[in-house]
Amino acid sequence: MAIGFGIIGAGQMGAVHAAAIDAVSEAQLIAVADVDEKRADILAGEHGLQHVFTDYNHLLALRNVDAVVIATPDQLHCEPAVASSNAGKHVLLEKPIATNLRDADRIIASSKAANVKLAIGHCSRYDTTHTAIKEQIETGSLGDVMSIYSKRHAFITEARRLGGRVSVEQYLAVHDLDLMLWYLNDEVVRVTAEIVAGPVQNELGVHDICWTMFKTRRGAVGIVESGWVLPAKLGMGGDVRFEVVGSKGIAYGQVLPNTVAICNDDGWQFPDVQHWSKLHGNLVGWYAEQVRCFVQSIERDEPPVATGDDGRRSLEVIIAARYSYQKNETVSLPFTESHG
Ligand SMILES: NC(=O)c1ccc[n+]([C@@H]2O[C@H](COP(=O)([O-])OP(=O)(O)OC[C@H]3O[C@@H](n4cnc5c(N)ncnc54)[C@H](O)[C@@H]3O)[C@@H](O)[C@H]2O)c1
């Protein structure tokens with residue numbers, strides 16, 4: 001029988017997850033909850049749902065909801081995640097796991113106590129570009145990984161949509177840090193970060209660019225370059241690429257720009273063939289695979305692809321990076337909340 005799903009948070013990502021659940025035959029969307037009644041109604045209408053709430057506790061009371069996807073803003077992850085675990089629901093929680101380590105620990109502890117699955121929405125782990133690199137690392141074809149670099153630049157329109165409620169490293173770099181730690185299977189011991197203020201800072205009060213540099217226990221180094229100042233007219237989905245240098249070889253991964261280009265009287269356009277792309281009307285790719293893998297982890301009683309502990313690891317580096325650029329110093333890990 002299909003796993004019954006509820007969605008908490010019917011914004012941009014709630015809608016993507018609803019389409020992803022629809023695309024997976026072993027999953028069935030049952031209910032949606034959003035404090036914004038209009039948003040909840042729209043998403044419920046699009047998916048023909050009878051159960052629509054402004055209070056997620058009513059959703060959690062439904063017996064045929066086995067699992068929830070939580071897609072509330074970053075700083076509002078903890079309460080619905082803990083309540084969902086306490087209600088015995090498996091949780092697929094959007095990244096970052098939380099905005100501080102205390103909340104991350106509460107979320108992880110509640111899922112363990114309730115013996116439910118907790119998966120974090122580190123969606124890049126379901127992208128074939130990134131999994132191909134992971135496979136090469138695991139087979140040893142690159143040798144020992146010594147250096148790892150990623151670049152993820154989004155449009156200024158995305159910064160505007162979020163209106164200054166998150167930093168660029170919390171929103172974007174956390175994807176790359178998760179990938180890097182997944183690849184390296186190692187611990188970060190030192191973090192240094194630098195930020196640049198520009199138009200985004202002037203308009204929204206959050207910096208435009210952040211470079212996060214780290215060193216691991218086994219001696220590898222990594223740099224995550226993240227930004228959201230690209231002009232929307234670039235229209236290629238953004239600029240996302242990845243490089244891994246090992247003792248025996250190098251891997252290059254290019255996720256964006258999109259590779260289909262169309263030009264008409266409106267200028268150049270680049271349809272999404274990577275991110276939230278559709279095949280014959282159905283969502284395909286990362287997000288559908290994420291739901292499929294999550295369902296599999298429930299059915300087989302296996303750990304999810306990205307666990308709560310994985311989510312905590314990338315969050316810890318993000319928090320250390322913030323401390324580093326605020327205090328202008330290199331930060332040693334493990335990071336304790338008493339730092340800041
Ligand atoms: N994996 C990805 O590719 C990706 C991309 C964008 C955003 N995200 C993450 O997804 C999450 C949601 O981001 P978004 O862009 O969809 O935000 P959004 O603002 O579009 O939507 C968030 C929704 O949550 C609702 N909400 C707030 N508090 C609530 C509560 N207590 N109960 C129910 N609903 C509540 C809001 O009303 C809003 O509709 C964030 O954590 C973000 O970082 C992930």
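Indexing begins at 1, ligand by ligand and atom by atom, following the structure's order.
- Taking a 6.0 Å sphere around CD of Gln50, one finds it holds 12 or fewer heavy atoms contributed by other residues, nucleotides or ligands.
- Ligand 1 has Arg161 within reach: a non-hydrogen atom of the residue lies less than 4.0 Å from it.
- Within the structure, ligand 1 has His175 among the residues with a heavy atom less than 4.0 angstrom away.
- Residue Cys123 is tested with Met13, Gln290, Glu289, Lys95 for a side chain to side chain contact (heavy atoms under 4.5 Å, CB included); the sole match is Gln290.
- Ring centroids of Tyr287 and His275 are separated by less than 6.0 Å, placing the two rings close together.
- Within the 4.0 Å heavy-atom shell around ligand 1 one does not find Glu158.
- Looking only at protein heavy atoms, the nearest one to atom 32 (N) of ligand 1 is Tyr56 CD2, 3.7 Å.
- Looking at Gln12 against ligand 1, both its backbone and its side chain come within 4.0 Å, counting heavy atoms.
- Under the 4.0 angstrom criterion for non-hydrogen atoms, Pro80 is not in contact with ligand 1.
- Side-chain N or O atoms of Lys134 include one that pairs as donor or acceptor with a backbone N or O of Trp182 at under 3.5 Å.
- Separation of atoms CH2 (Trp211) and OG1 (Thr192) is listed at 13.5 Å; rounding is to 0.5 Å.
- Hydrophobic clustering (side-chain heavy atoms under 4.5 Å, transitive across Ile, Leu, Val, Met, Phe, Trp, Tyr) keeps Val35 apart from Ile8.
- Nearest protein heavy-atom contact of atom 13 (O) of ligand 1 is Arg165 NH2, 3.8 Å.
- Heavy atoms of Thr72 found under 4.0 angstrom from ligand 1 belong to the backbone as well as the side chain.
- At a 4.0 Å cut-off, not a single heavy atom of Trp286 sits close enough to ligand 1 to count as contact.
- Under the 4.5 Å side-chain heavy-atom criterion for ILVMFWY residues, a single connected hydrophobic cluster contains both Val224 and Tyr183.
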